[in-house]
Amino acid sequence: MAPTSENLIATPAEEKELNGVGCENEMKKNGVSTSDKAAYGKEAILEKPKEEEVAVEVDPKSGVSFPVKLDDGKQLIGVGLRKKSMLGLGIKIYGFGIYADGEKLKDLLKSKIVKAPAKPTKELYQLMIESDLPITVRMVIVYSSLTMGMVKKSFDEGLGASIKKLTGGKKNDELINKLLGQASDDTKLPTGSVIEISRLPGYILQTKVIDEMTSKVESELLCRAYINLYLGDDPLDKDAKEKVGLSMLSFF
């Protein structure tokens, strides 16, 4: 039977449920002031706002999912895996996603390179390494027993070697320690923990460990050495470097 106008009118009991105490909890969940409850009808309760789905890309080596875009607008341009050789085995340490400001990357490429190359070149990667283009590397831990002290040791080795290459053999322990120095060695990093290291304009390297900022260091050398870890001649993951190169070509 088709509904009549009488069927659509709330009874006094229903109105009390909608506008009274039973409704206030629902209103609070949806951010509605109790002073506005007279205007808060049945449809408002039933039609809750839906969360926007964020597209992701899965790194096949680590199984980690990375959003294709960060909250600040940076776009995902490559994913990879950091492995460590232990007792002859390749241990998976963390999956990583490399993000860049798409518009600024496009402007940088077009201002420095007249014609797009057929494939990624060293010149392309050097532009990324030497510029102060905003870049974020999002690392998601996959090794189950990792501590901050172990991460620091890994960075001491990798970043130390990268600095040596850029300085002709000189290591800078003091500069490396500034990157993660404020984070406690005993901090446990269970699987799924996130570390984000971002290069900001002005050659500033900012580190966040599980959403907490642990350092902000101004150093062109440190910025170049860090990006060199991923895009230099001896990258942590060659496939990831290749993906970044192909992404760069797509901006021409």
Side-chain angles (χ1 to χ4, degrees), residues 70 72 74 78 80-86 90-101 104 108 122 125-143 145-190 193-238 240-241 244:
L70 297 180
D72 61 8
K74 289 193 190 77
L81 173 67
R82 170 67 161 119
K83 294 174 70 175
K84 179 77 174 175
S85 180
M86 297 174 66
I91 306 298
K92 298 178 181 180
I93 304 300
Y94 60 81
F96 62 85
I98 301 176
Y99 295 80
D101 185 309
K104 291 183 179 179
L108 174 66
K122 185 171 182 175
Y125 294 120
Q126 283 302 117
L127 274 178
M128 290 282 277
I129 292 169
E130 295 176 2
S131 74
D132 69 343
L133 177 81
I135 292 177
T136 292
V137 181
R138 180 184 179 93
M139 296 167 276
V140 181
I141 305 302
V142 294
Y143 183 66
S145 303
L146 205 63
T147 64
M148 200 66 231
M150 295 167 70
V151 171
K152 287 182 181 180
K153 185 177 180 180
S154 176
F155 269 89
D156 182 65
E157 295 171 357
L159 200 54
S162 185
I163 288 177
K164 279 185 176 182
K165 288 179 182 178
L166 296 179
T167 59
K170 296 179 181 179
K171 190 179 178 183
N172 192 322
D173 291 327
E174 182 181 355
L175 193 56
I176 296 171
N177 291 335
K178 287 182 179 179
L179 185 63
L180 297 170
Q182 295 181 29
S184 172
D185 288 357
D186 297 329
T187 301
K188 293 182 179 180
L189 299 170
S193 299
V194 175
I195 299 174
E196 283 189 350
I197 299 183
S198 302
R199 181 176 67 187
L200 308 178
Y203 295 103
I204 295 171
L205 209 58
Q206 173 183 280
T207 303
K208 288 184 178 180
V209 179
I210 316 178
D211 290 328
E212 181 180 348
M213 188 183 299
T214 59
S215 69
K216 203 169 186 178
V217 184
E218 183 178 349
S219 168
E220 182 176 348
L221 174 59
L222 188 61
C223 286
R224 289 170 56 210
Y226 182 68
I227 303 303
N228 187 68
L229 272 177
Y230 298 94
L231 304 182
D233 294 335
D234 187 22
L236 295 180
D237 187 325
K238 292 181 179 179
K241 175 183 173 178
V244 171

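Just so it is clear, the structure is predicted and the values come from calculations on it, not from any experiment.
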Spacing of [X] atom [atom1] and [Y] atom [atom2] [to the nearest 0.5 Å]:
| X | Y | atom1 | atom2 | answer |
| --- | --- | --- | --- | --- |
| I197 | I195 | CD1 | CD1 | 7.0 Å |
| S219 | N172 | OG | CG | 7.5 Å |
| I204 | L222 | CD1 | CG | 11.5 Å |
| L166 | E220 | CG | CD | 10.0 Å |
| K84 | S154 | NZ | OG | 5.5 Å |
| L159 | K152 | CG | NZ | 14.0 Å |

Legend entry - Counterpart residues, side-chain contact (heavy atoms from CB on, under 4.5 Å), relative to S193 (two or more places apart): I141, L189, P190, I210
Inset, instruction - Output all residues satisfying side-chain contact (heavy atoms from CB on, under 4.5 Å) with I91, sequence neighbours left out; order by chain, then residue number. - result: M86, L89, I93, Y143
Using every non-hydrogen atom in the two residues, find where [X] and [Y] come nearest and quote the distance to one decimal.
| X | Y | result |
| --- | --- | --- |
| G232 | K241 | O-NZ, 2.8 Å |
| L127 | L108 | O-CD2, 4.1 Å |
| L81 | K83 | CD2-CG, 3.5 Å |

Would you say the side chain of [Y] lies within less than 4.5 Å of the side chain of [X], judging by non-hydrogen atoms?
| X | Y | result |
| --- | --- | --- |
| P134 | P201 | yes |
| D211 | V194 | no |
| P235 | K238 | yes |
| M148 | V209 | yes |
| M139 | E196 | no |

Return the set of residues passing side chain to side chain donor-acceptor pair (under 3.5 Å) with [X] (not counting sequence neighbours), or none when no residue passes.
| X | result |
| --- | --- |
| D234 | none |
| T147 | none |
| Q206 | none |
| K153 | none |

With [X], which residues qualify under salt bridge (Lys or Arg N to Asp or Glu O under 4.0 Å), at least two apart?
| X | value |
| --- | --- |
| K208 | none |
| K122 | D233 |
| E218 | none |
| D72 | K74 |

Legend entry - Option passing side-chain contact (heavy atoms from CB on, under 4.5 Å) with C223 (candidates I135, D132, N228, L205): L205
Legend entry - Side-chain donor-acceptor contact under 3.5 Å, T136 with R199: no
Between the main-chain N or O of [Y] and the side-chain N or O of [X], is there a donor-acceptor pair closer than 3.5 Å?
| X | Y | answer |
| --- | --- | --- |
| D237 | G80 | no |
| T167 | I163 | yes |
| S131 | L133 | yes |

Legend entry - Test log, rule side-chain contact (heavy atoms from CB on, under 4.5 Å), inputs E130 and R224: CA-CA 6 Å; E130 295 176 2; R224 289 170 56 210; 4.2 Å; yes
Legend entry - Residue pairs, two or more places apart or on separate chains, that pass ring pair (Phe, Tyr, Trp, His ring centres under 6.0 Å) and touch residues 203-224: none
Legend entry - Listed once per pair and sorted, the ring pair (Phe, Tyr, Trp, His ring centres under 6.0 Å) pairs that draw on residues 205-233, sequence neighbours left out: F96-Y230, Y226-Y230
Legend entry - Test log, rule side-chain contact (heavy atoms from CB on, under 4.5 Å), inputs K188 and L146: CA-CA 6 Å; K188 293 182 179 180; L146 205 63; over 6 Å; no
